[in-house]
Amino acid sequence: MTIQEQIQDYINSQPELKRNDMQELHNIIVELMPECQLWFLDGKNNENKTVSNPNIGYGSYTMQYADGKTRDFYQIGMSANTTGISIYIMNISDKTYLSKTYGEKIGKAGVTGYCIKFKALKDINIEILKAAILDGLKE
């Protein structure tokens, strides 16, 4: 199964409202990043144990760990959670930047160091979300 098929299966497995929002977000992100590498992480570790929600990734950058090791990872991520959808913006080094820059403007969303979490697309300003995503592509 291709990554694109895995992504589509994951989106299609969601309840209807969340599925529609995730499909729209997927289309928006691919439109913002047309040539990006796509990722699908099923949330399982090497022992096939679930360690996180499955997530879709877009783009690529090299993560730097404190011990000096590096790892290729996605720049932008999307995941369904029990209360809605999370968008991860991984490539921002200042962990207060997202909340300071977008927290007040985005609408009904929780904004942390690298995550924007919301119940539904109708609850947030999509243009502000797009701006935050584009910010994550600059660093």
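Numbers here are sequence positions counted from 1.
When every heavy atom of Tyr102 is checked against every heavy atom of Ile128, the shortest pair comes out as CD2-CG2, 3.6 Å. Closest non-hydrogen pair, Gln75 versus Ser60, comes out as OE1-N, 3.4 Å. In terms of heavy atoms, Glu47 sits closest to Asn45 at N-OD1, 2.8 Å. Between Ser79 and Pro54 the shortest heavy-atom distance is OG-O, 2.9 Å. Shortest non-hydrogen contact noted between Phe118 and Ala109 is CB-CB, 4.0 Å. Listed here is the closest heavy atom pair of Lys105 and Asn125: O-CB, 4.0 Å.
Although no hydrogens or angles enter the test, the distance criterion places a donor-acceptor pair under 3.5 Å between the side chain of Tyr10 and the main chain of Ala80. Under the 3.5 Å distance criterion, the side-chain polar atoms of Gln14 are left unmatched by any main-chain donor or acceptor of Ile11.
Contact check for Met90 versus Ile76: no side-chain heavy atoms found under the 4.5 Å cut-off. No side-chain heavy atom of Arg71 sits less than 4.5 Å from a side-chain heavy atom of Thr62. In this structure the side chain of Lys44 never reaches within 4.5 angstrom of the side chain of Val51, judged on heavy atoms. Asp42 has its side chain out of reach of Gln6: every pair of non-hydrogen atoms, C-beta onward, lies at least 4.5 Å apart.
Expressed to the nearest 0.5 Å, how far OG of Ser86 lies from CG of Asn53 amounts to 7.5 Å. Atom NZ of Lys18 and atom CG of Asp21 lie 9.5 Å apart (nearest 0.5 Å). The structure places OH of Tyr114 at 13.5 Å from OG of Ser99, a figure rounded to the nearest 0.5 Å. Note: Ser93 OG to Gln64 CD = 12.5 Å, rounded to the nearest 0.5 Å. Summarising the geometry, atom CG belonging to Leu129 is positioned 5.5 Å from atom CD1 belonging to Ile87; distances are rounded to the nearest 0.5 Å. To the nearest 0.5 Å, the span separating CD1 on Ile28 from CE on Met33 amounts to 13.5 Å.
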> Met1 and Asp9: side chain to side chain contact (heavy atoms under 4.5 Å, CB included), yes or no, with the steps?
Replying inline: CA-CA 10 Å; Met1 186 180 292; Asp9 282 355; 3.2 Å; yes

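Between Phe73 and Tyr61, a ring centre-to-centre spacing not shorter than 6.0 Å is recorded.
The closest side-chain donor-acceptor pair between Asn27 and Glu31, if any, does not fall under 3.5 angstrom. If you check the side chains of Asn55 and Tyr74, you find a donor sitting under 3.5 Å from an acceptor.
Linking ILVMFWY side-chain heavy atoms closer than 4.5 Å, directly or via other members, places Ile85 and Leu17 in two distinct hydrophobic clusters. By the criterion of side-chain heavy atoms lying less than 4.5 angstrom apart, applied directly or through intervening Ile, Leu, Val, Met, Phe, Trp or Tyr residues, Ile56 is grouped together with Ile126 in one hydrophobic cluster. Both Val30 and Ile116 belong to a common hydrophobic cluster when Ile, Leu, Val, Met, Phe, Trp and Tyr are linked at side-chain heavy-atom distances under 4.5 angstrom.
When the options Ile89, Ile106, Thr112 are evaluated for a side chain to side chain contact (heavy atoms under 4.5 Å, CB included) with Leu98, the one that passes is Ile89.
Ion pairing between a basic and an acidic side chain is recognised when a charged N comes within 4.0 Å of a carboxylate O; Lys138 and Asp135 show such pairing.
Relative ring orientation between His26 and Tyr58 is described as tilted, the plane-to-plane angle lying within the 30° to 60° band.
Residue Lys108 places its NZ atom among 12 or fewer non-hydrogen atoms of other residues, nucleotides or ligands, all under 6.0 Å distant. Heavy-atom contacts from other residues, nucleotides or ligands closer than 6.0 Å to CD of Glu5 number more than 12. Counting non-hydrogen atoms of neighbouring residues, nucleotides and ligands closer than 6.0 angstrom, the NZ atom of Lys49 reaches no more than 12 such neighbours.
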